[in-house]
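What follows is a short report on a single structure.
In this chain, numbering begins with 1 at the start of the sequence shown. These numbers were taken from a predicted model, which means no experiment stands behind them.
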Amino acid sequence: MTAARKTALVTGGSRGLGRAIAARLSGDGMRVYAGHLRDAPPADGVTPVRFDVADAAACQAAVDRIVGEAGGLDVVVHAAGVARDSLFALSSPEDWDEPVRVNLGGALRLARAAIRPMLAARRGAIVLVGSVAGLRASPGQVGYAASKGGLHAATVTLAAELAPRGIRVNAVLPGLIAAGMVARLDQRIVEDRRRHIPLGRLGRAEEIADAVAFLCSDAASYIVGHALVVDGGLSL
């Protein structure tokens, strides 16, 4: 008898890291929904579902739709994120508020909606995509760094609460990846930072997707509350 096909929701799933993650989980045989806000086609075989992670009611409606169509929700990956780059003394409140609202608040809103069907099934895996910016200084990105540091704290706390109920929560912390936000940075800045990476190169979106896929899989069934750093040694 074959195991039932798992269903996954990946926010930010229509571009950058989220798109790569959605494609990888689909390739692993999951039924994948790509949460997105901007109009961008998801990977082949992935179902788009448009909603804003900054809206709690929209998160709940998206989860309700998926559970209604698929019969359950087994995996959630929060990869949606924004960055507002500016030195703190020159920044506006929106420069800090938006990253915290989307990156951290979005993760909590989504998790709040998703854990209800997971609790009923007494199983599930949640992976939050953080950043090494949450572990070390990231000048010019105070709001982004704070949001990603908050994701790390949320990961371990949610993991402790939910593990007894069969739900595993973990995080992946990428370094400089040649996709998404990094692809939109001034390449002179990227090259300067690349020289500080022991492996001597930027990471690939597929390498982050591999790490996320592992934490979502049964091969990681005894891993709880872990923050897996994938940065080529940048944070050493």
Heavy-atom check, side chain of [X] versus side chain of [Y], under 4.5 Å:
X	Y	answer
Thr7	Met30	no
Val77	Leu9	no
Arg168	Ile126	no
Phe214	Val172	no
Arg165	Ile115	no
Tyr144	Val82	no
Val63	Pro117	yes

Sequence neighbours left out, what pairs pass side chain to side chain donor-acceptor pair (under 3.5 Å) with at least one residue falling in [range]?
range	result
residues 56-70	Tyr33-Glu69, Gln60-Asp64, Gln60-Arg116, Arg65-Glu69
residues 222-236	Asp231-Ser235
residues 40-57	Asp39-Arg50

Taking all non-hydrogen atoms of both residues, which atom of Leu236 and which atom of Pro198 are closest, and how far apart?
CD1-CG, 4.4 Å

Shortest non-hydrogen separation from Ser147 to Pro99 and the atoms involved
CB-O, 3.5 Å

Who passes side chain to side chain contact (heavy atoms under 4.5 Å, CB included) against [X], sequence neighbours left out?
X	result
Thr157	Glu161
Arg101	Ala54, Glu94, Asp97, Glu98, Arg109
Ala159	Val169, Val224

Test your reading of the model: is there a side-chain donor-acceptor pair from [X] to the backbone of [Y], 3.5 Å cut-off?
X	Y	answer
Lys148	Leu135	no
Asn103	Val100	no
Asn170	Val127	no

Tell me, please, which residues at least two apart from Arg195 pass side-chain hydrogen bond (donor to acceptor under 3.5 Å, both in side chains).
Asp192

If you look only at distance, which donor and acceptor atoms sit under 3.5 Å apart when one is on a side chain in residues 17-28 and the other is two or more places apart or in another chain?
unit_1, atom_1, unit_2, atom_2, d
Arg19, NH1, Pro41, O, 2.3
Arg19, NH1, Pro42, O, 3.4
Arg24, NE, Asp28, OD1, 3.1
Arg24, NE, Asp28, OD2, 3.1
Arg24, NH1, Asp210, OD1, 2.3

Summary of ring-ring contact (aromatic ring centres under 6.0 Å, His included) pairs that have at least one residue in residues 75-123, sequence neighbours excluded
Phe88-Trp96

ring-ring contact (aromatic ring centres under 6.0 Å, His included): which pairs involve residues 149-169, sequence neighbours left out?
none

Hey, quick one: are [X] and [Y] part of the same hydrophobic cluster, counting side-chain heavy atoms closer than 4.5 Å, chains of contacts allowed?
X	Y	result
Val10	Leu228	yes
Ile197	Val229	yes
Val46	Ile208	yes
Val230	Ile177	yes
Leu87	Val142	no

Got a second to check how far [X]'s [atom1] is from [Y]'s [atom2], nearest 0.5 Å?
X	Y	atom1	atom2	result
Leu108	Leu158	CG	CG	6.5 Å
Leu73	Arg31	CG	CZ	11.5 Å
Cys59	Leu110	SG	CG	5.5 Å
Thr11	Leu128	OG1	CG	9.0 Å

Residue pairs meeting salt bridge (charged side-chain N to carboxylate O under 4.0 Å, His left out), one or both in residues 128-146, sequence neighbours left out, come to none

Which residues share a salt bridge (Lys or Arg N to Asp or Glu O under 4.0 Å) with Arg123, sequence neighbours left out
Asp74

